[in-house]
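Remarks on the structure that follows.
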Amino acid sequence: MFQVIGGRSVQAARLLAPRSAVLVEAVRGRKSRTDPVAKSKEGRIKVPPPVDPVEMVVLKERYTEYKLIMRALRLEFKEEVLRKKYEEETGSQAEERARQEAEEHRALMGWNNEENLRMLKARILRVQKEAEEAERKKIEAAIQRDQEQQEFIKEKEREILQLQEEVKNFITTENLDQRIEEALDNPKNYNFAVNKEGKVIKQTVLQ
């Protein structure tokens, strides 16, 4: 049992109390729009606080002075920014930047010239190779045509030789009597049969 003596005993009792229960402090919530007006404020009319004319004049003067000061500061800052920008464009910084741009331009032009020279050499080499390839193909085509022409001439020569040999066996008015006598002296029988292998298997006897 605890003896309650003042606030300290109450606090000690709270600390020694069992922890099973949760202590929740009651908090008053905000009113919603649909809640009615409190009874203590019914019939209340809001009246704006009185304005002192002297104070209003002083405030207007101070506000005007504030606007003038702020406008002057903005103009001062703007002038400083423009002055720095002008110095950068026309002063030493602009000269340094122009020098750097000129050096960069010279470097880029040098690289561009080297690249153009490299591309020119590559293009000349490619054109030379293409010309050599075209010339080689032209020579090969000419050789091929010459070989074909030679083969054609040889074939015609063989045909002419063969025809000249065949002409010797032609029957003409000059050797007509001789060929008749040779045919009569050496008769040939063309009435025969052959098998699948081309051998003569049956032949009639000349009368």
Kindly determine whether Thr172 and Leu176 satisfy side chain to side chain contact (heavy atoms under 4.5 Å, CB included), including the steps that lead there. CA-CA 6 Å; Thr172 62; Leu176 179 61; over 6 Å; no
Give the C-alpha distance, both sets of side-chain angles, the deciding distance and a yes or no for side chain to side chain contact (heavy atoms under 4.5 Å, CB included) between Lys84 and Val81. CA-CA 5 Å; Lys84 288 183 178 180; Val81 170; 5.9 Å; no
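The two residues Glu42 and Val37 have their closest heavy-atom pair at OE2-O, 4.1 Å.
Under a hydrophobic-cluster definition in which Ile, Leu, Val, Met, Phe, Trp and Tyr are linked whenever side-chain heavy atoms come within less than 4.5 Å, directly or via other members, Leu73 and Tyr66 are assigned to the same cluster. Tyr63 and Val58 fall into different hydrophobic clusters, defined by Ile, Leu, Val, Met, Phe, Trp and Tyr side-chain heavy atoms under 4.5 Å apart, directly or through other members.
Two residues are said to be in side-chain contact when any heavy atoms from C-beta on lie closer than 4.5 Å; Glu166 and Leu163 meet this criterion. Between Glu79 and Glu76 the shortest side-chain heavy-atom distance falls below 4.5 Å. Side-chain contact between Ile124 and Leu120 is present, with at least one heavy-atom pair separated by less than 4.5 Å.
By the 4.0 Å N-to-carboxylate-O rule, Arg99 lies close enough to Glu103 to be salt-bridged with it. Taking the charged nitrogens against the carboxylate oxygens, Glu114 and Arg118 have no contact shorter than 4.0 Å, which rules out a salt bridge. Between Lys137 and Glu140 no salt bridge is recorded (no basic side-chain N to carboxylate O distance below 4.0 Å). Glu135 and Lys138 are not joined by a salt bridge, as no carboxylate oxygen comes within less than 4.0 angstrom of a charged side-chain nitrogen. Salt-bridge annotation for Glu159 and Lys156: present, with a side-chain N of the basic residue lying under 4.0 Å from a carboxylate O of the acidic one.
Here the straight-line distance linking atom CZ of Arg62 with atom OG1 of Thr64 works out to 12.5 Å at 0.5 Å rounding. Atom-to-atom distance recorded for Glu101:CD and Glu104:CD is 7.5 Å, nearest 0.5 angstrom. Distance CZ/Arg123 to CG/Asn116: 8.5 Å, rounded to 0.5 Å. Atom-to-atom distance recorded for Leu161:CG and Lys154:NZ is 13.0 Å, nearest 0.5 angstrom. Atom NE2 of His105 sits about 8.0 Å away from atom CG of Leu108, to the nearest 0.5 Å.
Looking at Glu148 and Gln144, their side chains do bring a donor and an acceptor atom within 3.5 Å of each other.
The neighbour count for Glu65 CD, taken as heavy atoms of other residues, nucleotides or ligands under 6.0 Å away, does not exceed 12. More than 12 heavy atoms of other residues, nucleotides or ligands lie within 6.0 Å of CZ in Arg158, so this atom counts as buried by the packing criterion. A 6.0 Å sphere centred on CZ of Arg71 holds no more than 12 heavy atoms belonging to other residues, nucleotides or ligands.
Not one N or O on the side chain of Asp146 forms a donor-acceptor pair closer than 3.5 Å with the backbone of Ala142. Between the side chain of Asn113 and the main chain of Met109, a donor-acceptor pair closer than 3.5 Å is present.
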